[in-house]
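All chains are named by letter (A, B, ...) in the order of the sequence lines, taking the proteins before the strands, and each is independently numbered beginning at 1. What you see below is based on every heavy atom in this structure, not just the backbone, and it leaves out hydrogens, waters and symmetry mates.
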Amino acid sequence: MDIFSNLWLGASTAFLPMNLLYGFVGCLLGTAIGVLPGLGPTATIAMLLPITFGLPPESALIMLAGIFYGAQYGGSTTAILINLPGESSSVVTAIDGYQMARNGRAGPALATAALGSFFAGTVATILLAVAAPPLAAVALNFGPAEYFSLMVLGLVASVALASGSLVKAMAMIVFGLILGTVGTDVESGTPRYVFDIPELYDGLNFVAVSMGIFGICEILRNLENEQERSVGVKRVTGLMLTKEDFKRVCGPVLRGTALGSFLGILPGGGAMLASFAAYAMEKRVSPNRAEFGKGAIEGVAAPESANNAGAQTSFIPMLTLGIPGNPVMALMVGAMILQGITPGPNVISDEPKLFWGMIVSMWSGNLMLVILNLPLIGLWVRMLTVPYHLLFPAIVGFCCIGAYSINNSVFDVFVMAGFSVIGFALSKLRFEPAPLLLGFILGPMLEENLRRAMLISQGDPTTFLRSPLSLSLLIFAGLVLALVLSPSISRKREEAFTE
Amino acid sequence: MLKIRNGRDFVGGMSMICIGLLFIWFGRELEAGNSFQMGPGYFPRMLSLLLIVLGALIMVQSIIVQAEESEPDTWNWMAYALVIFAPVGFGLLLARLGLAPTMFVLIVGVAAASRYANWRHSILLGLFLSVCSVLLFTRLLSLPVSAFGPWIPFLGNV
C-alpha cells in the first residue's frame, strides 16, 4: 500500500531524535501558553518564528504545529480548573468542565479531555494522510484562474464562518490585501508604497505585523481589565475514568471527532467553530441532556474531541492547496515561505519528507501530550497562577527581540509597534484582526494569479467563468455569501455564537 | 435629519474610506495599465475602491441598524502609552546601550503599566530577563548585538 510507505517515510522523519525533541518542545510550549493567562497561539507562534529560522524546515514546522495543538490542549485545562478558557476553542468546555471540577471530578474531566483529544487527533491524522494526496493531485491541474477563484472562495468562507459583522470582516480582508501590496512589485520591479524606506522594498514583514496585531494588541486589551486569578482546585486526584464514564463518553467523542474533522477542513472553521458546534449538537442528541451545564462529562468530551480534530484537519487546505483557513495556518504558510518552500499542491511531491514527517509528528505529538499532561498536571496548576503583571513585560520583551531578529534590524520593531496601534484601533472599532492577517498573507499570491490569468486570457475577465472548475468555485463562494446574508441563517449564526 | 445609531461603526466605516483614499493618493503615480497587462497600480487601486465601497456600506449600516447594547470600554491611557512606546524605545536604545541594559529598561518600564506593579518585583524581573535574553540571544543564537553597547562605560564594546 502506498499510504503505508508514505507513513513509514513520515515516521522515519518524525521519529528522528532531533525532531522528536522539537515536537516535544513545541507541545510543552503550546500547553504552557494555553495555560498561561492572556497569551494565545497566534501571538506565540509569531513570537517564536524567528527562533525557528535556523532550524531545518521539518523541525521548524513540527515545532510550530506542536505549539498549535498543544495550546488547544492547555486551554482546556484552564477551562476546567478555573472556568477561564485559555483559548477561544475551550470556551464551551468551561461550562461543564468547571462544574465537574467543583463537584470534585476535576481528574476525570481532565482525563476525558486528554483521551478524547488523543482519539480525535489520531483519527484526524489518518484522515489527513488519506485525503491530502488526492486533493493535492486535483490542485496540481489548477491554472492561475482556478487558483484565483479558490483563494476568493477561501477568503469569503473564512469571513462567513467568523463571528461578527460580515461587511466589517470583508473590509478587514481587503485592508489586509492592500497591505500585502506594499513593497516591490514582482512583475514590473516598481516599488509600491515604500516612501523611500529601504526596508520596505521587501514588503512589510508578516512576523512583525502579526506580533503587533496579535501579541502586543492582546496585552493592551488585557491591561484594561486586569484581574488576578485564583484557583479553586488546588490538587487534582483520581484521574481514572470509571466504567460508567467510559460508556457515556464514547458516543460524544465519536460524534465530536466526526463533526470537528469536517468543520476543520472548511476555511475559517478550525477549532473554535468545531467545539461550539459539537457542544450544541451533543446538547440535542445526548440521553443525559438534562445534566448539561451541571457537570455532564459529555459536555467536556464532545467539544474537546471536536476542537482537536478541527485543529488537525485545518492543516489539510494549508498543506495541499497553500490556502490558510485561520491566522495560525497563515503563519504556518509564512513560515514555509521563509524556509524557502512554496506552499501549495507541490509540497507533497517536492517535499515528501516534510509533508509526511509533519503528519506523523502530529500523531506522536498528541501521544506526547497525553503522556505529558496527565502526570504533569500539578505543574500546570501551579502555572495557572503566574501573575499577569509579571508575564506581560516578558512577552513585550520577547516580541521586541523577536521582531529585531527577523532581519537584525530595528525597523521591524517599529513596524510591530505601528501595527499594535493599528490593531488596537481596529479592535476598539470592533473589527476582527484575523481576516486582516489572512488577506495580508494571501495578497501577493492573489495578485500574481489574477495578473497571470488576465494575461493568458488577454484581458478577458470571463476567463474565471469559462473554466468549469473556476466557475464552480466562484459559484460556491457566492452561495456561501448568500447563505450567510439570508436572514434566517444569520439569526441562527448569531445564536450559535452567543450560546 | 439622519440619526447615527451606531457611532462605533460610523467611525469604523469612515476610517475604511480614509484608508482607501490614502492608498489611492499615495499610489497615484503607479501605472495602472489595462486589464490585459496590469500595471503595478491596478490591483492596489482596485482594492482601495473596494475598501471605500465597503466603508460606505458600514456607514450606511450604522445609520440604519441600531447598535447592540455593550458595556462601555474602560480606557487605560497610561498602559497603552507604556506598552506601545516600549518597542519604540527598545529600537532606539538597542544599538547604543546594548541588549542587557535595554532589556532591563524595557521590562521595568513596561511593568509599570500594570495596576499590580511593584518596583521590587519589576527590577528583579528585569534583571532576570536581561540575563536570560543575553544568554539566549547573544550566546546561543548569536544575534549580531552586543550585551553592552558603546554608551555603557568600561563594559561596552564600541
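- To the nearest 0.5 Å, the span separating CZ on Phe43(B) from CG on Asp185(A) amounts to 11.0 Å.
- Looking at Pro191(A), the atoms closer than 4.5 Å to chain B (heavy atoms on both sides) all sit in the backbone: N, CA, C or O.
- The choice from Met38(B), His121(B), Met46(B), Glu29(B) that makes the most heavy-atom pairs within less than 4.5 Å of chain A is Met38(B).
- Residues His389(A) and Ser114(B) approach most closely at CB-OG, 3.1 Å, considering heavy atoms.
- Among Val186(A), Val421(A), Val410(A), the residue making the largest number of heavy-atom pairs under 4.5 Å with chain B is Val410(A).
- The aromatic rings of Phe195(A) and Phe26(B) lie perpendicular to each other, with more than 60° between the two planes, well past the 30° mark.
- Among Leu57(B), Leu50(B), Val11(B), Asp9(B), the residue with the largest count of heavy-atom pairs under 4.5 Å with chain A is Asp9(B).
- Residue Arg8(B) comes nearest to Lys428(A) through the heavy atom pair NE-O, 3.1 Å, listed as atom of the first residue, atom of the second, then distance.
- Residue Met103(B) touches chain A through its side chain alone, counting heavy-atom pairs closer than 4.5 Å.
- For chain B, the option among Ala394(A), Ala425(A), Ser420(A) with the highest count of heavy-atom pairs below 4.5 Å is Ala394(A).
- The CZ atom of Phe137(B) sits 12.0 Å away from the OH atom of Tyr404(A) when rounded to the nearest 0.5 Å.
- Only the side chain of Gln61(B) comes within contact range of chain A, with heavy atoms under 4.5 Å apart.
- Residue contact with chain B, scored on non-hydrogen atoms closer than 4.5 Å, involves the side chain of Met416(A) exclusively.
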Could you walk me through whether Tyr388(A) and Tyr116(B) satisfy the ring-ring contact (aromatic ring centres under 6.0 Å, His included) test, starting with their C-alpha distance in whole Å, then the side-chain angles of each, then the deciding distance to 0.1 Å, before giving a yes or no?
CA-CA 9 Å; Tyr388(A) 192 64; Tyr116(B) 298 97; 9.9 Å; no
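- Atom CG of Leu51(B) and atom CD1 of Ile173(A) lie 11.5 Å apart (nearest 0.5 Å).
- Checked by atom type and distance alone, the side chain of Arg192(A) pairs as donor or acceptor with a backbone atom of Pro40(B) at under 3.5 Å.
- Proximity to chain A involves both the backbone and the side chain of Tyr80(B), based on heavy atoms less than 4.5 angstrom apart.
- In this structure, CG on Leu129(B) lies 9.5 Å from CG on Leu390(A), to the nearest 0.5 angstrom.
- Contact annotation: the side chain of Tyr193(A) approaches that of Pro44(B) to within less than 4.5 Å [non-hydrogen atoms, C-beta and beyond].
- No other option in Leu429(A), Leu223(A), Leu426(A) has as many heavy-atom pairs under 4.5 Å with chain B as Leu429(A).
- Taking every heavy atom of both residues into account, Val110(B) and Pro393(A) meet most closely at CG1-CA, 3.9 Å.
- Lys168(A) contributes atom NZ, which lies 9.0 Å from atom CE of Met16(B) (distance to the nearest 0.5 angstrom).
- Heavy atoms of Glu447(A) lying under 4.5 Å from chain B belong to its backbone as well as its side chain.
- At a 4.5 Å heavy-atom cutoff, the contact between Leu30(B) and chain A is made by side-chain atoms alone.
- Among the candidates Leu106(B), Thr102(B), Val53(B), the residue making the largest number of heavy-atom pairs closer than 4.5 Å to chain A is Leu106(B).
- Ranked by heavy-atom pairs under 4.5 Å with chain B, the list Asp460(A), Val396(A), Leu446(A) is led by Val396(A).
- Applying the 6.0 Å contact sphere to OH of Tyr201(A) captures more than 12 heavy atoms from other residues, nucleotides or ligands.
- Between Ala417(A) and Val88(B), the shortest heavy-atom contact is CB-CG2, 3.9 Å.
- Between Ile401(A) and the choices Leu99(B), Leu94(B), Leu136(B), the side-chain contact (heavy atoms from CB on, under 4.5 Å) rule is met once, by Leu99(B).
- Crowding of Glu31(B) atom CD: a count of heavy atoms from other residues, nucleotides or ligands under 6.0 Å not exceeding 12.
- For Phe175(A), the parts lying under 4.5 angstrom from a heavy atom of chain B are both the backbone and the side chain.
- The neighbour count for Arg28(B) CZ, taken as heavy atoms of other residues, nucleotides or ligands under 6.0 Å away, is above 12.
- Between the CG atom of Leu179(A) and the CZ atom of Phe23(B) there is a distance of 5.0 Å, given to the nearest 0.5 Å.
- For Met78(B), the CE atom sits in a loose shell: 12 or fewer heavy atoms of surrounding residues, nucleotides or ligands are nearer than 6.0 Å.
- At a 4.5 Å heavy-atom cutoff, the contact between Leu125(B) and chain A is made by side-chain atoms alone.
- Environment of CH2 in Trp75(B): crowded, with over 12 heavy atoms of neighbouring residues, nucleotides or ligands closer than 6.0 Å.
- Contacts between Ile19(B) and chain A at a heavy-atom distance below 4.5 Å involve the side chain alone, from C-beta outward.
- If you measure heavy-atom distances from Ser405(A) to chain B, the contacts under 4.5 Å come from both the backbone and the side chain.
- The candidate from Thr190(A), Asp412(A), Val182(A) with the greatest count of non-hydrogen atom pairs under 4.5 Å with chain B is Thr190(A).
- For Phe424(A), the part sitting under 4.5 Å from any heavy atom of chain B is the side chain, from C-beta outward, and nothing else.
- Neither the backbone nor the side chain of Ile456(A) has a heavy atom closer than 4.5 Å to any heavy atom of chain B.
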